[in-house]
Structure formats: C-alpha cells, structure tokens
Amino acid sequence: MPGEYHFGLNTKPERTERIEKLIDYVNSIEPGICLERGRYITQVYKENEYESIVMKRAKSLEKILENMSIYIMPGSLFVGNQASKPRWAPLFPEYEVKWYEEEIINGDPMYPWERPADAFQIENKKESLKEAQEIFNWWKGKTHRQKVYNNLPEEFAIVQDKVSVLNIWDYIQGGVGHFSPGHRWLIKNGLNTVIEIAEEKLESLGFSSSEELKKREFYKSVILSCKAVINFARRYAELARNMARQETDDERRQELLRIAETCEHVPANPARSFYEALQFMYFIHLVVQIEDSGQGISVGRFDQILWDYYKNDLDNEILTRDEALELIENFFVMIYTINKIKSWDCTDYFRGSPMFQNLTIGGQDPVTQDDATNELTYLVLEATANTRLTQPSVTARFHKKSPEEYKLAVAKVIRLGTGFPAVFNDELYIPALINRGYEINDAYDYCIIGCAEAGPAGLLAGRTGGAWLNLPKILELTLYNGKDPLTGIRLRKNKNDKDLSEFISFEELLDVFYDQLDYYLKMEVAFENIIDYTYEQGILEPFSSIAACPETSLERGKTLREGGGKYDFTGQQTIGIANVANSLYAIKKLVFDDKVLTGAQLLHAISTDFSDKTTDPSGPEINKLCESVDKYGNDVDEVDFLARDVLRFVSSELPKYKNTRYKRGPIGCTMHASTTTVSSNVAFGKSVGAMPDGRRKGKPLADGQSPMRGTDVKGPTAAVNSVSKLNNILLSCGSLYNLKFNPKDLRSGPVLKGREELSQAKFAE
Amino acid sequence: MNLGENEGIVTEIERYAIYDGPGIRTVVFLKGCNLRCAWCANPETQNLYPEMGFFVNKCIGCLKCIEACPYDALKYEDGKFITDRNICMEKCYHNERELSCVAACPGDARVQYGKIMTVEEILEEVLKDKSVYDRTGGGVTLSGGEPFFQKEFMFKLLKALRANRVRVAIETSGFTDWENINMILDDLDFIYYDIKSADPVLHRKFTGGSNDLVLENVIKVSEYAKKNGLPIIYRIPVIPNFNDSKEEIEKITKFIKNELYRKDYVELLSYHTLGLGKYESLERDYSLTKEKITKEKIKMLKEVVSEAGLKVL
C-alpha cells in the first residue's frame, strides 16, 4: 500500500487490525485523574495509624488492588490497569497534597484540565472535587513533602525554590522508582516462591533485637503484598471468564479464556510460555507503579529475559514469529497506558508526560561477553516501528562486535523520527560501571533505567535519578560575586569577594567558580540525603523492594531504602555544560587573552541582556562578539577542554560523598553524576540571565552534554569529537548526547549506513 | 599573493560530507578556477586570492570595518555601505593574508573567502575524522574551484594525505593538461569528472573554456579507470538554456557511451540558485535565470541517459 511519504520514508506504520484498534482505543481517551488509589490509601492510613510503615504500605496495596476498577481493553491479549481508564493518573496523596489542592481544587496557576499541554481531565467534577478535597484535608501535614521541608534547612529551600541552582521536586512530590525489576528471577520463580522464602525467614527469626523485629515486619509485609498481587491477577481471571461467557465472537472468547487461565497461573507461579512470561512481567511492572508514584520503571533487557521462552515456544510450535510480534506490540500498548500527573511546575522539567519505562535490546552476554542480539531483538525493533508510541522508551545497546545487520535495523527505526531507539555504548558504560565497583558480569548485564542511566536489573537499588543541577546558574552567581541577578538573593559571596569586573586573571575566575561549584555540590548531596532519609521515615515499599532486588532484599529482610539492594547509588543530572564552557571560554578570550572587553563591560552587557545601546561597544555588539568566540561542539580543544574539566570536577567530586545506605549492605552507596536532561534545560533557562556565551536572558540552556543549539557549525563529526573529549567514563549515571540529522540526509541506503557508522565511529578510540 | 612554498588558498574545509564520495568524508575546497561557468554556485571559489564577502543582514552597524580598512575602500553613506572593490583588489587581496575589515567585524557580517593554509594545517584538520573515514570507507575529497588550479599545492596535499593512509577522491572539471591528471591517478580512490557539454561552442559560451581538453582527458582517464579499477562518476550539471534539452543530454550520453572506456555511472545535478547570496556578498551580478528545473524534466533527462544503457544517479 502506498503510504504517506516524508523525505522518502513511509510514515504509515504497519499494524495488525488488533493493534491498530487498541492504539486507537487508548488514544481516543483523554488523560484524566483517577481518585480510586487516593481514596483507598487514605482509608488504610486512617484505620492503621499505629502500624509500621511497611505494613501500612502492604495493607494499602492490598486494599487498592482489591477494590480498584479493573477492565480489559477491547481485543487486548494482556490485562492489568493502573487507573480506572487507560492513561489516567492515580493520586498519590501520601507524597504531596499541596500542589494537588492548589491546582485541582483552586486552579492555581491553572486547573489540570486547562493546561495548554499535558492536560488531565476529571470526571463528575463536583463530587470528585469534593472527595478529593476530603482526601487532601486528611493528608495535610502528614505528607512526604511536608516532612522533607521539616528536615530541610531554610537556605536549602531558597537555593531550589527561589534561585534555581538545583531542582529535586520530583522526589519531594513523588516516589523514587528508577529501577529495573528482577524479571528474570521472578518469572522463573513466581511470587509463591517469594512468599515461601519470606515465611521461612519469618520462622527462623527471633524476637530478641529491634533489628529482628523490624525484619519480621518486612517479611510479613512482603507476604501480604505478594498475596495481594496474586489476588489482583485472579480478579482479572474472573473478569475474563465473565466476559467470555457473554462474548459472541468465538475467537475472542477463546482469547478471554486464555487470559483467565494465564492470570490464574501467573504471577503466583513460574511462567511456562512466552505469553505467560509477558503477562507476568506486566503485572510486576504495573503493580510497582500502583504501589508507588516513582517513575523510570525499566522493563530491562527484554530480548535476553524472554529469549528462552520464545525459542522454546517456537520449537514446540505453540508460537509463530508473527504472533510473537503482535504480543510484543500489545505489551507495548499496555506499557503506554501507564501515566502520572505531576505539578505544573514539575511538568516544565518533564514535558510530554514521559514515564521513562525503558526497554533495552542488544548488547552482550554477561558471562561469555559475546554479542547477545537474537530474533527478539529484531522483533522489538519491528514492534517499535509498527506501534510508534511514546512508551516504552526503547534502547539499543551497541558494542564493538554488534552485527552490521542489527546496527542498520536500529538506524532504520531511528530515521522514522520517533526518537527511539536511543543508542547506548557498551564500550563506555561497562567500564564506567566497573569503575564504580560493579562485578564484571553485572556490568555486562546492564540495562537502561529511566532516561540514560545504566544498571543491572534485579540488583540495583538507590535511585538513578536525583536533583537537576543548574551549572550555568552557578557560573552566573560566580560572575556576580554570589548574587543572583534575577532575585537579588546572595547566598554566598565568592571567596575573594570579587565579581567579573574585578577578576584579574582567568585562573582567578576559575578558582572562585570551582569553589562555588564545590559549595553547591555539597548542598546538592545534602538535599539528596535529606530526601532519602525522609523516605525512610515514611515510605518503605515492600513490593517494590522484592521486585527491584528480589534476592538481596529477601535475604537481608530490608527494603530498598534501608539497604536491600546488591548495588546502591544516588544519581543526579548535571545541566548546561555547554553554556558553562562557552561562557568561560568567551570570558577568557574576550577579557583576558584578546582584551577586547573589560570584565566590567561584559558584566554590564550581560546584566542588561545585551540591550544597552549607550555603551561602546554597545550591548548588541558585545552580544555578537560573544557569539563569535569558538564554541564547544566544533572540535576546538581550548573550549572543549573547559567542558571536559568542569564536568570532570562534578563527576569525580560527587562519588566522594556517601548516601544513606552506606555500610548497610549494598556495594557502592555513593553519589554519581549524569547529564540526562529531559526538558530541564528549558525550565532552568528561564531562571538564568544573559551569559557570556551570547545566550540571551531566559532562553533555554543546552541539553545533556550536547553542544548549544545552532553553535556546532562544523558538522556532526566535529561535534561527536568534542563530546568524546569529555571524560564520559566518569558519568556512570548516564551520559546524554542528542545528535540531530536532517531526515533528508538519512534517506538512501549508503547514506543511512554512513550515519549509522558515525554513531559507531567513537568506539574505535 | 606571495604564498610560502608549502602554502595554498583554501575556501573551506567541510566535514561530514556524505554526497561527495563513499562513506563519511571531508571536502577540501581549494580556491581558484580556470573556468567561469555562468551557473557557478560558488563564485567565491573562482579567484586565486582572498576576497571579502559582506552579508548586510548580519551587520550590526558598528562601522568598525570602516575604521579598520587601511586603504579607505569602505564608506558608509546615507545608510548604505559602499565598497570600492577596485581598491580591495589592488591594495588588499594580493597583499593581506587576513583582511582588516573582516578581522574588525564583531559579528559575522564580513567574511574572508579564502584562507592561506599550509599542507600541515589542512592535514591537522582533516585527520580529526580519520577514525570516521576508516570505519565508513570515507576519506578526503579534493574539490574547488578547480583543484588542479593550485596543482603544485594540491599534489603536495595529496601525497601527505596518502602518507597518512587517507583515501582521496577528486572533483574536477578536467580542464587541465593531461600530465597533471596522469600524475595523480595512482593516488586516487574515486573520481567525479564533469562533462558539461559535448558542444564546443556552447561550452565556451557558458564556461569560458573549450571542451576539447576536457573530452580528450576524460577518454584517457576512463581508460586508466577501466584498467585499474578506479571508480568514476561522470557529472552533468543540468543548466537551463545550456544543456537542459533532450538533444544536449543525448549528445553527452552518446559521447560517454561511444568514446569512454569505463562508464559506470552518470550523475545529473539539477540547477539551483543557492549561490545567489554569495554573489550578493561579493557584489557580483548573476546572469542566469532564477527559475528551477522541474523534477519532471530531470526525470525525463535521466531516462534519456538510462535508455542509452548507462546507470544514472
């Protein structure tokens, strides 16, 4: 069929009737707010005020899963829903009701259904709002947010809320998430095995120490929540049988009966087929996102986890390749139905309601280190091209021995322009992980979690996400002797009490900048630890703990927050390295090397947003001068090395600091850095004035470790060279580089190959 | 311009070129050409000396260029810049390695077309992507202007590239003595050879040069290419009122088919006016039409080539 063509590429995805209808069905529903979870968790917390934290959570999960509305989507072969409708967002009032109340009840700054983007509807408005208000009223003063603020020194709050040096709202308003469940272990063992282990542990524990008593609570909560999940699956079995009885279409009736049989078997028992394994995975994937509001729940290495099931079914002729493809596509649609509502403020940093449900393909075998691509790898790529949904976030691991065929198949999907798959470089990530203390096999088994963070599924606790760190803001504060030009707030003077007009050398500027950076890094670390400490005071997740790290959390009797993982790190996101390098270099060049401007002239120009025409040179002239200095991203060592040095400072300082799980079991337990961005570069940009790189006040910053938009003028090879000069290996929490091509240049065979080769080229070095 | 022994004039070095030979390449545009094709999209590459281009839309009106010019070639009167290009030519282009007005411009309104570079400087730039060439089967493409116009320099550059194991392609009009071409064939991995017209009169009228030499040379090049397995693409720029007729393309096709030894590929390059801004920046007139050639016409002309049994790109 002749589809619609865009630069010679077919823009019309190929879908089976079932998938086409499913996607249409989901997309026909406007995202909304579902009160059910909020209702049931509030009831449980009211009735169980004196229960332990883990038991409160387990009882809440039980209550929610027992009572929430369930449905089966028309034609879907899989079941499981997060809220009463697809892409509706549950309420998580235990984290935060302040913004819920401001936005949902008071419409400040606007009602969620009036947002210009990422809007959420509400049904039966009058009654719903009444119930919502009651829920919010009960939680006031008891939320995670409130507790964080109780624990937070005043100047910390100013740094975030007023000056925007950093932003960690995501973890003040919501849960942690950011892990990849141990699907391999869980599917193979079933939740009944988890219950058995927990029962044995409970049996062997005494009552003699507070530690033992605490563990007893944990195991009891694990048993309760696993049983709740098994019963949740049985509710779907019952629903499917009822629907089958009324179904007139014979084929659909058989499908519904198969759903019923499957949900009676998994996740209680080990999966016996590819189909059961997928349904099993989805239940786990879903329930952790009902238990907690944390995003970034990663599916893990899909083609590796499911390979044996797929091959076995194919060998036994109970599955065909086409059937498997449709199942994968159906699975993708299920993942796409999961959603979360964030405050309008926070939405600025996360545009397009991303859920970061990552799914990894390719890479290497953890034991043999051979290439691990298989037929499922290609099926995932086909499913990605056919569904073209915003979720899951598909990720392709590349390494030196990745087959040509695979790399080309990935490139072909990339050129569809959906932004997937993202390509990750094993040659960089694996040594980066080993450098942080990962065992070699675990490092080779990494999947992508969240945006671009690497970690092995089933073994990594902590959180791969953390505060956004606004590097250009820290440089800006340095240029104004510690004073924020936007708010007038001065948190901390430069150590020499000078501003840009007074520095006598570039080295002096660098010295005070690093001193300020060091100060704000310490503050960021404190922020991270205060938040984790606060989680421990109020939110400990039994089910997420055994899902994320089944073997270690069960063995130790600990939740993730208390040291239940094999590995544990606290991540963060460093934003705007390009703006910092470009600004530093512009100052070096214009003020100290070429002496075309004085520091005072440049400071005046940036403080007036390059608009003062009365000076000589005038503001616009200084802006041009600033723009004409070489920029990061053009393979110019002098400026690229500034980017390298500043980023190295951040990424080698952070791991010197411990997180709250240090010496409590896991390997690691330090901070580490990433450059993942989402849309924080736009949000942060609003709070940063004009800078010596020529960027005007309020404009977006550069994303990730990419060059600033429009300033990398020597083509992609030069830009890639610049980016690879950074000490990327230190960015063990993830490095992000967006390389954008004109679709026209990806059109023909040889050119596509060239582009794909380019993404590979850096591996040789 | 007094150039050092090891120096040449380069208009531009373009990295990540994907339409100038196999793989990912860097194109070195050498300045200077002995033809003056009316449709030339890169007029700034024609003269063998640095020239000043002025993009008035980027000008911030600081007048620093006027102060900076040591020869009073620039004036600003009634809101307009006036450049006495004769002064530039006589006093500046042949004497100044870096043009003062360009150096003084805080924005990018004034640009210098043509940078004096040594072989080593070019090498340093192009070797930055060596790993990319090696992985993609790419390399360096020597282009112009006409790369043979600075032949001594070009030979040195080519040798240096080969010494660094870089594969080299060339884009040439073929308007040079045979011995020059013959001298470098062994060092090339790929050739783009322009055949603009089979008609001597038309060729001279539109390019300022005869096509005798071009056609004689291409026969010999194709013989070498056949014998030594050197890939060659014949390029026909399709230009309105010059060769955009079925008859003209047929003549070229016939020549390729009957006279040439190796005839793998013919590439038709459609006329475009993307170079107009550069003409304006040099304050030079553009004599050809601003209308494009239709896609249908190009398709028809491509059919003419392919019907003759030649592979067409």
Side-chain angles (χ1 to χ4, degrees), chain A residues 400 404 407 590 594 596-597 605 610 613 615-629 633-637 640 694 712-722 724-725 739 741-742 744-765, chain B residues 12-29 55 57-65 67-68 102-112 121 124-141 166-167 169 190 231 233 265 267 295 313:
Chain A
K400 277 180 184 165
E404 284 297 308
K407 291 187 283 183
L590 299 174
D594 298 352
V596 242
L597 290 174
F610 300 114
K613 290 184 180 146
T615 56
D616 182 32
S618 70
E621 282 164 26
I622 293 176
N623 192 13
K624 287 279 177 193
L625 273 173
C626 290
E627 283 173 355
S628 67
V629 177
N634 295 291
D635 208 358
V636 177
D637 281 351
D640 292 348
D712 50 333
V713 293
K714 289 207 178 156
T717 58
V720 168
N721 275 2
S722 289
S724 56
K725 281 175 210 168
L739 187 57
F741 287 87
N742 185 337
K744 205 175 115 214
D745 287 348
L746 304 179
R747 184 166 45 184
S748 63
V751 175
L752 175 61
K753 193 159 183 296
R755 183 252 171 272
E756 183 277 324
E757 288 286 1
L758 183 66
S759 68
Q760 186 74 357
K762 286 295 113 187
F763 296 3
E765 291 173 3
Chain B
E12 206 187 338
I13 297 181
E14 185 189 311
R15 293 165 70 173
Y16 190 71
I18 51 178
Y19 298 110
D20 300 274
I24 294 172
R25 315 186 68 85
T26 298
V27 184
V28 179
F29 294 93
F55 292 90
N57 57 333
K58 292 188 180 172
C59 177
I60 55 171
C62 69
L63 307 185
K64 294 239 159 73
C65 47
E67 281 168 41
V102 176
C105 181
D108 301 314
R110 291 196 189 270
V111 298
Q112 175 168 338
E121 282 166 345
E124 191 191 328
E125 184 67 15
V126 302
L127 288 179
K128 285 177 178 170
D129 282 344
K130 177 76 164 65
S131 68
V132 179
Y133 311 148
D134 292 349
R135 282 203 159 261
T136 63
V140 167
T141 300
V166 175
R167 281 178 289 255
F190 206 96
I233 289 178
Y265 283 104
E267 184 176 10
K295 279 183 182 167
L313 295 172

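A note on names: the letters A, B, ... follow the listed sequences, proteins ahead of strands, and every chain is numbered from 1.
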**Report entry** Neighbour count >12 (heavy atoms, 6.0 Å) for atom CZ, B/Phe55
**Finding:** yes
Requested in this report: Check whether A/Glu627 gets within reach of chain B through its side chain, its backbone, both or neither, counting any heavy atom under 4.5 Å.
Outcome: neither
**Report entry** With sequence neighbours excluded, residues passing side-chain hydrogen bond (donor to acceptor under 3.5 Å, both in side chains) with B/Gln112
**Finding:** none
**Report entry** Presence of salt bridge, B/Lys64 and A/Glu621, under 4.0 angstrom
**Finding:** yes
Query raised in the report: If you take all heavy atoms of A/Asn721 and B/Lys128, which pair is closest and at what distance?
Result: ND2-O, 2.9 Å
Report summary line: dist A/Lys613:NZ -> B/Ile60:CD1 (nearest 0.5 Å) comes out at 11.0 Å
Requested in this report: Below 4.5 Å from any heavy atom of chain A, which atoms of B/Glu14 appear? Answer side chain, backbone, both or neither.
Outcome: neither
Query raised in the report: Any salt bridge between B/Arg15 and A/Asp635, counting N to O under 4.0 Å?
Result: yes
